[in-house]
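The structure appears right after this line, and notes come after that.
Numbers for residues simply follow the sequence, beginning at 1.
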Amino acid sequence: MRTTWIIQNLKCGGCERTIIRKLGEIGGIKDVQIHPEDSSVTFSYHNPEQLDMVRDVLFKLGYPVLGEKNSLRLKARSYVSCATGRLNKA
């Protein structure tokens, strides 16, 4: 199955690299695509439980799904995730 979510705090390629790397660590999550121009993340998954895992990882990185609480703390986390992605260019 494939889905697309709109996420908050997505800014640039650094964010993109971090999200792709972290979601790729979740077993069964494939074909992750990030689109900063519309703040979306698209990915393939095998079962509904994986959706909860993806949502949790995005939240912990500072990129909550649109409609979820977006606190100052989450915005700060997204800046750290972004900087990490910029530093870890592969």
Side-chain angles (χ1 to χ4, degrees):
M1 293 175 274
R2 192 151 176 83
T3 192
T4 299
W5 289 345
I6 304 300
I7 58 175
Q8 301 175 75
N9 306 327
L10 182 61
K11 296 171 275 308
C12 68
C15 301
E16 179 179 357
R17 281 186 288 283
T18 296
I19 293 168
I20 288 171
R21 183 173 51 84
K22 288 297 192 177
L23 293 185
E25 294 173 0
I26 300 172
I29 302 300
K30 304 282 186 214
D31 305 319
V32 179
Q33 297 176 340
I34 308 297
H35 306 281
E37 61 278 356
D38 66 357
S39 297
S40 68
V41 58
T42 301
F43 56 94
S44 297
Y45 64 100
H46 295 291
N47 61 61
E49 292 80 27
Q50 291 168 318
L51 294 174
D52 291 334
M53 289 186 255
V54 169
R55 186 181 301 270
D56 188 50
V57 167
L58 289 171
F59 188 85
K60 287 178 182 176
L61 290 172
Y63 305 103
V65 175
L66 187 65
E68 292 181 341
K69 183 179 177 183
N70 189 17
S71 67
L72 184 58
R73 178 177 286 175
L74 287 176
K75 291 176 186 177
R77 279 189 205 164
S78 74
Y79 279 100
V80 172
S81 295
C82 177
T84 301
R86 287 178 181 226
L87 293 173
N88 291 325
K89 288 183 182 180

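The two atoms that bring Gln33 and Arg2 nearest to each other are OE1-NH2, 3.3 Å, heavy atoms only. Between Arg17 and Gly85 the shortest heavy-atom distance is NE-O, 2.9 Å. Shown here for Thr18 and Ser81, the closest heavy-atom pair between the two residues is OG1-O, 2.6 Å. Residue Pro36 comes nearest to Glu16 through the heavy atom pair CG-OE1, 4.2 Å, listed as atom of the first residue, atom of the second, then distance.
Side-chain contact between Lys22 and Thr84: absent, with no pair of heavy atoms (C-beta onward) separated by less than 4.5 Å. Contact of the Phe43 side chain with the Leu51 side chain is registered, since non-hydrogen atoms from C-beta on lie closer than 4.5 Å. Side-chain contact between Ser78 and Gln8 is absent, with no heavy atoms from C-beta onward closer than 4.5 Å. In this structure, the side chains of Val54 and Thr3 stay at 4.5 Å or more apart for every pair of heavy atoms. In this structure the side chain of Cys82 reaches within 4.5 angstrom of the side chain of Cys12, judged on heavy atoms.
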What's the verdict on side chain to side chain contact (heavy atoms under 4.5 Å, CB included) for Ile19 and Ile7, showing C-alpha distance, side-chain angles and the deciding distance?
CA-CA 11 Å; Ile19 293 168; Ile7 58 175; 3.8 Å; yes
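Lys75 is linked by a side chain to side chain contact (heavy atoms under 4.5 Å, CB included) to Asn9, Asn70, counting only residues two or more places apart in sequence or in another chain.
Between the CD atom in Gln50 and the OG atom in Ser44 there is a gap of 10.0 Å [rounded to 0.5 Å]. Distance check: Leu58 CG to Leu23 CG gives 5.0 Å after rounding to the nearest 0.5 Å. Between the CG atom in Asp56 and the CD1 atom in Ile26 there is a gap of 8.5 Å [rounded to 0.5 Å].
Cation-pi geometry between Lys11 and Tyr63 is not met: the NZ or CZ atom fails to fall both under 6.0 Å from the ring centre and inside 45° of the normal.
No chain of hydrophobic side-chain contacts below 4.5 Å, direct or via other Ile, Leu, Val, Met, Phe, Trp or Tyr residues, connects Ile6 to Met1. Linking Ile, Leu, Val, Met, Phe, Trp and Tyr residues whenever their side-chain heavy atoms come within less than 4.5 Å leaves Phe59 and Leu72 in two separate clusters. Linking ILVMFWY residues whenever their side-chain heavy atoms come closer than 4.5 Å, directly or via other members, leaves Leu74 and Leu10 in distinct clusters.
Crowding of Arg73 atom CZ: a count of heavy atoms from other residues, nucleotides or ligands under 6.0 Å not exceeding 12.
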